[in-house]
2 protein chains.
Amino acid sequence: MKTRSYGKYCGLAHALDVVGERWALVLVSDLLRGPKRFTDLQRGQPRIPSNVLSARLKELEDAGVVRRRVLPRPPGGVGYELTEYGRELEDIVLHLGLWGAKSMPDPGPDDVVTADTLLLALRSTFRPEAARELRANYELRVGEIVVHARVDHGVLEADEGPLAATDLVLETDASLHPLLTGELSPTEAIESGTVQVTGKRKLFARFAEVFHIPPMPVELPA
Amino acid sequence: MKTRSYGKYCGLAHALDVVGERWALVLVSDLLRGPKRFTDLQRGQPRIPSNVLSARLKELEDAGVVRRRVLPRPPGGVGYELTEYGRELEDIVLHLGLWGAKSMPDPGPDDVVTADTLLLALRSTFRPEAARELRANYELRVGEIVVHARVDHGVLEADEGPLAATDLVLETDASLHPLLTGELSPTEAIESGTVQVTGKRKLFARFAEVFHIPPMPVELPA
DNA sequence: CTGGATCCCTCACGATACTG
DNA sequence: CAGTATCGTGAGGGATCCAG
């Protein structure tokens, strides 16, 4: 049935046969944080038609990347989760996300931001070397989304939802992106009112160091 | 014109806007070893229509991944090469290639193998830790293709063509894949006649350790 | 011979509606 | 909630043709 192969006997070509179809990798990335139901995946990918979602999940399941599973609650409900093999895509997804973030334009009017997006951004931009001395609990509120990031000496734990004891709360209606690239400095962000911070404000500067998107390399003329 | 976006403000989604289209990543992988002409790229991707190749190259050029360049010879000839930004995909491509190799089925009757494929396989399966004590010059002949791999204490240099001074020459008409997964042991490979070796035969066993495709993880039942 | 452009056909994708 | 059914469109596949 794989009439649409690349015709090469090559690991990369086969990888793309499996996760190279449209939507496949973004679905994998949304599943990185744990099992999700069909409808959750739809919400994460607002533009995906349900039949295509259905087809992708079936293909990924056949390829051993995703596993379909009956959930305890609600009775009869089903969920999708990554297999071990699927989990091995985690680093690749994170690196590809960081690579893409370097050339990402400003958000379009219809672009949506989910908690998964935000958490992927935090995890892919996290620089353990820069966080070796840091211990801090951040809470981020971007629009309606609330996530948190616990940084503990080079180790990051990021998840959805608020935090009981926070060191610093960042709140914004805009995007974190200019902050992560350094296009917007923490001071500028506060002064312009783009970002409101509550808590130990000194930790804001550290935030921008610890979560960072390196610039696109410059081209040397030939 | 980007009517075909993912609708998410997300680094990964944008990365896939850039290199997620069909053929894009395999083209990048073929360009990793240096500039190539239009026709070379066609030979590397036998199934790609010329109009699609043309379109992909233009898109990749617009995205800053590929650069079009006039070559000294032949006069008027053009070549395509990766930009610095494009080169940053190298690790991702190698890891994705290795990931795919774990679940790669046997070659189809029409699957082609090129030098690029082979070199990608060598580079992605190379395990520096396993090669720390090794210094060896391998020459590989797979069908018509000839490549070499110099291993020098954890560092690999792999390129096309034969080698003046070889320690071991491996020759086969089949694929290296079962050798790299361990499905076929070096001894079995020699005894069955699948692979012919010339030179220091002890280095054959080392070869299979140094270039290795780990198995697909086993699934634990829930 | 390289580096494409052009045409046509097909199928995967996208939108919408509908069902167990 | 978790999909299937239907149908239109456009990107991809394949062959051919053309300019430098």
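Numbers restart at 1 for each chain; the letters A, B, ... are given by sequence-line order, proteins then strands.
- In this structure, CD1 of B:Ile48 is placed 11 Å from P of D:dG14, rounded to the nearest angstrom.
- Geometric assessment of B:Arg22 against the ring of A:Tyr6 yields a positive cation-pi assignment under the 6.0 Å and 45° thresholds.
- Contact annotation for B:Ser50: base contact, defined as any heavy-atom pair under 4.0 Å involving a base atom.
- With B:Leu82 as the partner, the side-chain contact (heavy atoms from CB on, under 4.5 Å) test is satisfied by one option alone out of B:Leu27, B:Leu89, B:Val28: B:Val28.
- Atoms CG (B:Leu27) and P (D:dG12) sit 12 Å apart, rounded to a whole Å.
- Listed pair A:Trp23 / C:dC13 fails the phosphate criterion, with no side-chain N or O lying under 4.0 Å from OP1 or OP2.
- As a whole-Å value, the separation of A:Gln45 CD from C:dG14 P is 12 Å.
- Rounded to an integer number of Å, the gap from CG of A:Leu53 to P of C:dC13 is 13 Å.
- Residue A:Lys58 has a polar side-chain atom (N or O) positioned under 4.0 Å from OP1 or OP2 of D:dT4.
- Regarding contacts with the backbone of D:dG13, every side-chain N or O of A:Tyr6 stays at 4.0 angstrom or more from both OP1 and OP2.
- Contact of the B:Leu53 side chain with the B:Gln45 side chain is not registered, since no non-hydrogen atoms from C-beta on lie closer than 4.5 Å.
- Checking the phosphate oxygens (OP1, OP2) of D:dG3, a side-chain nitrogen or oxygen of A:Arg68 falls inside 4.0 Å.
- Spacing between atom CG of B:Asn51 and atom P of D:dG13 amounts to 9 Å, rounded to whole angstrom units.
- Phosphate contact (OP1/OP2 of C:dG3, side-chain N/O of B:Thr39, threshold under 4.0 Å): present.
- The CZ atom of B:Phe38 sits 17 Å away from the P atom of D:dG20 (whole-angstrom rounding).
- In this structure, B:Arg37 reaches the C:dG3 phosphate: one of its side-chain N or O atoms is under 4.0 Å from OP1 or OP2.
- Side-chain nitrogen and oxygen atoms of B:Arg22 include none within less than 4.0 Å of the OP1 or OP2 phosphate oxygen of C:dA12.
- A heavy-atom distance below 4.5 Å is not found between the side chains of A:His148 and A:Tyr138.
- Across D:dG12, D:dG14, C:dG14, the shortest atom-to-atom separation from the side chain of B:Pro49 is found for D:dG14.
- Between the CD atom of B:Gln42 and the P atom of D:dG14 there is a distance of 13 Å, given to the nearest Å.
- Figure legend: A:Arg123 and A:Phe211 shown without cation-pi pairing, the cationic atom not lying both under 6.0 angstrom from the six-membered ring centre and within 45 degrees of its axis.
- Between the NZ atom of B:Lys36 and the P atom of C:dT2 there is a distance of 15 Å, given to the nearest Å.
- Along DNA chain C, the nucleotide nearest B:Arg43 and the nucleotide nearest B:Ser54 are compared for position; the residue whose nucleotide lies closer to the 5' end is B:Arg43.
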